[in-house]
Amino acid sequence: MPFRRLRLRQFYTRLGASLLASLLPVLLGVLIISWQTFSGMKQDAEERLLHARRMFDRTLDNAHQAASMVQGGVGRPCAEVVQGLRDQVATVPDVRTVNLARGETIYCSSLYGAYSGPFALADYAGGQLDLMRGNPVTPDRPLVVYRQAVGDYSVLVGVDGYYLHNILDMLSRNSPLALVVGSQVMLASGIVSEEIPPKTQGYLEQVSKKYQYRVVTDLSHDEYGSHIWHYSKASIIIYPLLGILVGVGVFWLTGRSTSPS
């Protein structure tokens with residue numbers, strides 16, 4: 001009986017050691033997969049944010065170019081400069097409208113010619129950009145207005161939100177990108193709202209150094225699972241198999257006789 005108890009105790013000891021040994025490769029695999037997933041997703045999201053920021057900067061560079069071309073006409077009668085405004089709309093990519101304003105009143109428009117309409121300077125982030133849900137001409141189509149100050153005057157250049165939406169949509173995946181201008185945000189779906197994404201643990205952003213906006217995203221738990229399934233399926237299988245092999249090996253080695261007795 002004592003011998004039997006000894007053999008049983010030895011068996012449980014071997015079994016426990018084998019289970020512990022088999023868990024080590026699994027735990028190591030979990031750590032490696034988690035680190036690879038986190039670093040890979042973060043790098044991918046940062047690259048998409050950077051790409052989006054560069055494309056937005058390029059689009060707004062076109063607006064800046066159009067504003068610079070017509071800023072010499074501020075203060076002159078609209079009839080003398082309106083054709084120049086329309087030329088910019090026709091020739092500069094992404095530009096929808098070009099307007100001239102005095103104070104907070106638009107007095108010349110590429111759409112209407114001589115015109116009198118108010119705009120709120122307070123709506124412009126840093127006095128430069130305004131993200132709008134639409135305007136009287138296209139109320140359901142968002143746009144970004146770039147403002148270039150010229151003394152008491154302003155040049156207001158409207159950029160079609162269609163181009164901005166396409167950039168967001170093209171670069172969004174499981175973690176959609178969003179364009180934030182002041183208190184307004186354009187989602188990858190093209191909807192403009194005031195619900196700016198909160199800065200959670202997975203929050204990432206790229207801030208433009210030239211214009212008053214930022215591009216943001218949020219890495220969700222669903223995306224972590226999707227990333228692991230798409231890029232680490234082999235590891236999910238290999239590490240448990242390695243754990244089983246190590247456990248079996250330890251069980252066999254601990255059962256070998258070490259002396260004649």
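The distance from the CD atom of Q206 to the CD atom of E46 is 7.5 Å, given to the nearest 0.5 Å. Atom CG of D94 is separated from atom CG of L143 by 12.5 Å, given to the nearest 0.5 angstrom. Separating the CD atom in Q184 from the OG atom in S193 is a distance of 7.5 Å, to the nearest 0.5 Å. For the atom pair L177 CG and L49 CG, the distance stands at 5.5 Å (nearest 0.5 Å). Annotation: the span from N99 atom CG to C108 atom SG amounts to 8.0 Å, rounded to 0.5 Å. Considering CE of M55 and CG of N166, their distance stands at 9.0 Å, rounded to 0.5 Å.
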What do the steps show when you test L85 against S109 for side-chain contact (heavy atoms from CB on, under 4.5 Å), and what is the final call?
-> CA-CA 8 Å; L85 307 187; S109 167; over 6 Å; no
Please assess I167 against T59 for the test side-chain contact (heavy atoms from CB on, under 4.5 Å), listing each intermediate value before the final yes or no.
-> CA-CA 10 Å; I167 294 171; T59 300; 4.1 Å; yes
side-chain contact (heavy atoms from CB on, under 4.5 Å) evaluation trace for V181 with Y211 = CA-CA 10 Å; V181 179; Y211 303 102; over 6 Å; no
Dump the intermediate steps for side-chain contact (heavy atoms from CB on, under 4.5 Å) on L60 and L129, then the final yes or no.
-> CA-CA 10 Å; L60 291 171; L129 286 184; 4.0 Å; yes
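Without hydrogens or angle criteria, T217 side chain to P176 main chain gives a donor-acceptor distance under 3.5 Å. A side-chain donor-acceptor contact under 3.5 Å links Q128 to the backbone of Q212. At distances below 3.5 Å, at least one donor-acceptor pair connects side-chain atoms of R48 with backbone N or O atoms of L171. For the pair R133 (side chain) and V192 (backbone), a donor-acceptor distance under 3.5 Å is present. Using modelled atom types, one side-chain atom of Y107 and one backbone atom of G75 make a donor-acceptor pair closer than 3.5 Å. R147 places a side-chain N or O within 3.5 Å of a backbone atom of G127 that can act as its donor or acceptor partner.
The neighbour count for Y203 OH, taken as heavy atoms of other residues, nucleotides or ligands under 6.0 Å away, is above 12.
A heavy-atom distance below 4.5 Å is found between the side chains of S68 and Q148. L100 places none of its side-chain heavy atoms less than 4.5 Å from the side chain of Y115. No side-chain heavy atom of S110 sits under 4.5 Å from any side-chain heavy atom of Q88. Within the 4.5 Å cutoff, side-chain heavy atoms of L156 are placed close to those of Y124.
Side-chain contact annotation: Q83 with D87, donor-acceptor N/O pair under 3.5 Å present. Looking at Y213 and D57, their side chains do bring a donor and an acceptor atom within 3.5 Å of each other.
Contact record, Q71 with V74: O-CG2, 3.2 Å, taken as the closest heavy-atom pair.
By the rule that hydrophobic residues join a cluster once side-chain heavy atoms approach within less than 4.5 Å of another member, M186 and L204 end up as members of one cluster. The hydrophobic clustering, which links ILVMFWY residues whose side-chain heavy atoms are closer than 4.5 Å, places V145 and L121 together. No continuous path of ILVMFWY side-chain contacts below 4.5 Å connects Y163 to L187, so the two sit in separate hydrophobic clusters. Hydrophobic clustering keeps F56 apart from Y162 (ILVMFWY residues linked when any side-chain heavy atoms are closer than 4.5 Å, directly or through intermediates).
Salt bridge annotation for K210-D61: present, with a cationic side-chain nitrogen under 4.0 angstrom from a carboxylate oxygen.
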